Amino acid sequence: MVDHSGWRVGVASAPIHHGEILQGVFPHRGQLTRGLVTMPCTVHITQASFIPARGEELTVSPPWKTKARRAAQLAVEACVRPGDGPVGGHLELTGDVPLCRGFGSSTSDVLAAIWAVQDALVRPLRPEDVARIAVRAETASDSLMFKESSVLFAQREGKVIEDFGYRMPAVRVLGFGSRPENDGRGVDTLALPPAHYDRTEVGVFAELQAMLREAIHTKDVALVGAVASASTGINQRHLPIPLLDSLRAVERETGALGIQTAHSGDIAGLLYDRDDPEVAARTEHGRQLLHDIGIHEQWIFTTGD
């Protein structure tokens, strides 16, 4: 018999990300492994509540959030002791995260679900356990469960390739929809084949991993921007940004640190030094220049806020 004396209505919220700082393939335990480093973002959020109940049925609202329901079921199994009997309940998700854009909407749903379950059952899970559940629930996951430091994350295996030990240094981001012809409809990320990198690109990724490690350890935001721009350039062969040359001109004219993109989505961002006294003027100038080249869907946030 399950002892549910400590059960409660579990609540949680999960952040999103803004695409990637770096994505590619990296050496890990003697082989090349697909990995990524996400760009934190505060523009949207997902909220979840979970009401546990005896029995096997676990429902979700809205009902089409099947990945989140699967994540909640796996989290229940991880939190309930063997032999305690079946536990179900009802998961409810709310939020305003746009789909298919590169904001990590499904990972945000999945994490909110897992965290709401562990809150309801009062059984905290380690980030590593949450990562494994997230990958089982959605096939590939982002690394938003690691709150205390930036990680290079194997998104299809749920494993950390490298823990950089510190959070990403804060930057101001002028975000935008990089494919205005899509009118905000995003990209069908599930239809995209996995990128195949050549030998030269594989070597560049190893260099970028080392650069990002140094950037995080020394809080060098310019180096973060350089890594993001290099990763964006490699991604151009796989999911090209139509206006990249024009965006690079905006980057140069406004003194941006670099260009960052969603490697499976249609959002991107110009990165600026948060502590630059001219950052407000630079981002405003950037906004105007983006309008001039036909990019009207824009937003601004600061990582770490």
Side-chain angles (χ1 to χ4, degrees), residues 17-40 102 104 107 131 135 139-144 146 149-169 171 173 178 187 189 192-249 251-252 256-271 273 303:
H17 67 81
H18 197 266
E20 290 74 39
I21 292 287
L22 174 62
Q23 182 166 332
V25 291
F26 305 88
H28 182 56
R29 296 181 178 175
Q31 63 183 12
L32 289 175
T33 301
R34 294 183 184 275
L36 53 78
V37 180
T38 57
M39 164 68 81
T107 295
V135 168
T139 305
S141 172
D142 297 299
S143 59
L144 297 173
F146 295 95
S149 65
S150 296
V151 299
L152 177 58
F153 186 67
Q155 68 269 28
R156 293 179 178 272
E157 300 176 19
K159 297 178 181 179
V160 174
I161 298 172
E162 180 177 355
D163 185 341
F164 294 113
Y166 302 93
R167 294 178 180 175
M168 192 77 62
V171 293
V173 182
S178 65
V187 173
T189 57
L192 296 173
H196 293 284
Y197 304 105
D198 61 34
R199 183 176 300 178
T200 299
E201 290 170 332
V202 170
V204 172
F205 285 133
E207 296 174 2
L208 293 177
Q209 180 181 352
M211 287 173 60
L212 188 56
R213 182 188 308 122
E214 180 182 350
I216 292 173
H217 284 198
T218 62
K219 302 187 185 304
D220 187 336
V221 291
L223 200 53
V224 170
V227 171
S229 287
S231 189
T232 294
I234 294 174
N235 185 62
Q236 192 70 357
R237 189 164 67 84
H238 307 287
L239 185 61
I241 298 173
L243 299 173
L244 185 58
D245 288 342
S246 297
L247 292 170
R248 283 174 170 156
E251 174 193 1
R252 291 190 296 270
L257 304 171
I259 300 175
Q260 167 270 331
T261 189
H263 288 61
S264 57
D266 76 332
I267 61 170
L270 289 161
L271 309 183
D273 183 350
T303 63

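From a predicted model like this one, the values you see are computed outputs, not experimental measurements.
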**Message:** Side chains of Glu251 and Ser229, heavy atoms from C-beta outward: is any pair under 4.5 Å?
**Reply:** yes
message: Measuring only between side-chain heavy atoms, which start at C-beta, is Met168 closer than 4.5 Å to Thr38?
response: no
### Message
Please check: side-chain N/O of Ser149 versus main-chain N/O of Phe164, any donor-acceptor pairing under 3.5 Å?
### Response
no
**Request:** Quick one: do Leu271 and Val221 satisfy side-chain contact (heavy atoms from CB on, under 4.5 Å)? Show the steps, please.
**Result:** CA-CA 9 Å; Leu271 309 183; Val221 291; over 6 Å; no
Is any side-chain heavy atom of Leu32 closer than 4.5 Å to a side-chain heavy atom of Phe205? no
Parallel, tilted or perpendicular: which fits the ring planes of Tyr197 and His238, with parallel below 30° and perpendicular above 60°?
perpendicular
- Query: Is any side-chain heavy atom of Thr33 closer than 4.5 Å to a side-chain heavy atom of Val25?
  - Reply: no
Legend entry - Student check: side-chain heavy atoms of His17 and Leu144 closer than 4.5 Å: yes
Evaluation steps, side-chain contact (heavy atoms from CB on, under 4.5 Å), between Asp198 and Arg237 | CA-CA 11 Å; Asp198 61 34; Arg237 189 164 67 84; 4.3 Å; yes
- Going by heavy atoms in the side chains, are Glu157 and Val135 under 4.5 Å from each other? no
message: Between Asn235 and Gln23, is there a side-chain heavy-atom distance shorter than 4.5 Å?
response: no
Worksheet item: Looking only at side chains, do His263 and Ser231 share a donor and an acceptor under 3.5 Å apart?
Response: yes
